[in-house]
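Values below: all heavy atoms of this structure, side chains included; hydrogens, waters and symmetry mates excluded.
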Number of protein chains: 2
Amino acid sequence: MGYLETFRKYLASEELKLTRQRAAILDGIFVTHGHFDADDLFFALRKGGKRISKATVYRTLELLTAAGLIREVDVGKGHRAFEHIFGRSHHDHLICTSCGKMVEFDDPVVEELQNRVCRRFSFQGESHSLRILGRCASCRKR
Amino acid sequence: MGYLETFRKYLASEELKLTRQRAAILDGIFVTHGHFDADDLFFALRKGGKRISKATVYRTLELLTAAGLIREVDVGKGHRAFEHIFGRSHHDHLICTSCGKMVEFDDPVVEELQNRVCRRFSFQGESHSLRILGRCASCRKR
DNA sequence: TTCTATGCAAAAGCTTTGCAAATCA
DNA sequence: TGATTTGCAAAGCTTTTGCATAGAA
């Protein structure tokens, strides 16, 4: 099942409609990888000839998060950023505090850890996000 | 060395001054544990009879972060929150997505994991933050 | 046809900044 | 004294919201 189908299904389950704008926003998100914020998306769509208001972009990001197609990632600074997660395995982030370079990684130990901690505190774990800050190899040389 | 001394030292090293306001803000932060944002701090100070402008609060939070006395924590929603780190061991967070309850925990496996991942990607790890989202015991019952 | 979604512009946070007056070293 | 800091108010950002119009189903 593709991401559009997934979205359509979610919308139907909530009795919401699949509009031209919602479909365009979803496509806009999946043509790129990596992180984006509402503003990035707004201008990317505009470049692609789609004039969709920011209000709609914000409203749709909310829906896509609820549908489990994207998730919010903490990038440090003031505003909210997202990344799409459909068809991608879970991963965490390694961020260079010097140049901002970001590496995505996946490690089974994190999953184990999540289970262990949740058991300890009687939580039912749903997801996690791990950010490791440091200096990448090239910044370290300087 | 206490936190005030640490701050004083930092300020001196940057040729900045220790003002009445900066000292009051620092104290205000260390009387509580847990997370706070600029607004919380502003009102806590005001309750304590200290009328310090928000501009100064924001400016001082920046300095304290640079001095390594507080750190920013990602609490999910739009605005920035901080916690003090002076004299406290490192810890991560478990957050209930239903009631917002937050538990701090510390697990040596996280440290190991940080080292392992950094080695793998030739990063020099400095710090990390792990957030695990889930449902706490009481929310699970509902 | 009916109810939801969009677009616009205004409002609503939160944070930063310019500048004159106050304050620290 | 001389440079930095403060407070205020204004400006800047990002995000949200009200409402008339457009558009799915």
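In the interface, the side chain of B:Lys54 is not paired with the base of C:dC14 through any donor and acceptor atom under 3.5 Å apart.
A straight line from OH of A:Tyr58 to P of C:dA12 spans 18 Å, rounded to a whole angstrom. With rounding to whole Å, A:Phe42 atom CZ is found 13 Å from D:dT14 atom C1'. The distance between atom CD of A:Glu72 and atom C1' of D:dT14, rounded to the nearest whole Å, is 13 Å. Rounded to an integer number of Å, the gap from CG of A:Leu45 to P of C:dG7 is 11 Å. What separates CD of A:Glu62 from C1' of D:dT16 is a distance of 10 Å, to the nearest Å. A straight line from CG of B:Leu16 to C1' of D:dT6 spans 14 Å, rounded to a whole angstrom. Summarising the geometry, the separation between CZ on A:Arg22 and P on C:dG7 is reported as 11 Å, rounded to the nearest angstrom. C:dT16 atom P lies 9 Å from atom CG of B:Leu61, rounded to whole Å.
For B:Thr19 and D:dT6, the shortest distance from a side-chain N or O to OP1 or OP2 is below 4.0 Å. Under 4.0 angstrom from either OP1 or OP2 of D:dT5 there lies no side-chain N or O belonging to B:Thr56. OP1 or OP2 of D:dG7 lies within a sub-4.0 Å distance of a side-chain N or O belonging to B:Gln21.
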**OP:** List the steps and the verdict of side-chain contact (heavy atoms from CB on, under 4.5 Å) for B:Leu133 and A:Phe123.
**Re:** CA-CA 9 Å; B:Leu133 303 177; A:Phe123 264 69; over 6 Å; no
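Residues B:Arg59 and B:Glu62 are not paired through a salt bridge, judged by the lack of any N-O separation under 4.0 Å between the basic side chain and the carboxylate.
Among the nucleotides D:dT6, C:dT15, C:dG7, the one closest to the side chain of A:Arg59 is C:dG7. The side chain of B:Arg80 lies closest to C:dT15, out of C:dA25, C:dT15, D:dT15.
Applying side chain to side chain contact (heavy atoms under 4.5 Å, CB included) to B:Ile29 and the options B:Thr60, B:Leu64, B:Leu69, B:Leu45 leaves one that passes, B:Leu64.
Other residues, nucleotides and ligands contribute at most 12 non-hydrogen atoms within 6.0 Å of the CZ atom of B:Arg51. Heavy atoms from other residues, nucleotides or ligands lying under 6.0 Å from NZ of B:Lys9 number 12 at most.
Counting any heavy atom pair closer than 4.0 Å across all strands shown, B:Arg51 reaches sugar-phosphate atoms only and no base atom.
Nearest-nucleotide positions on DNA chain D for B:Ser53 and B:Glu15 put B:Glu15 closer to the 5' end. Residue-to-nucleotide proximity on DNA chain C shows that, of A:Leu63 and B:Leu18, the 5′-proximal contact is made by A:Leu63.
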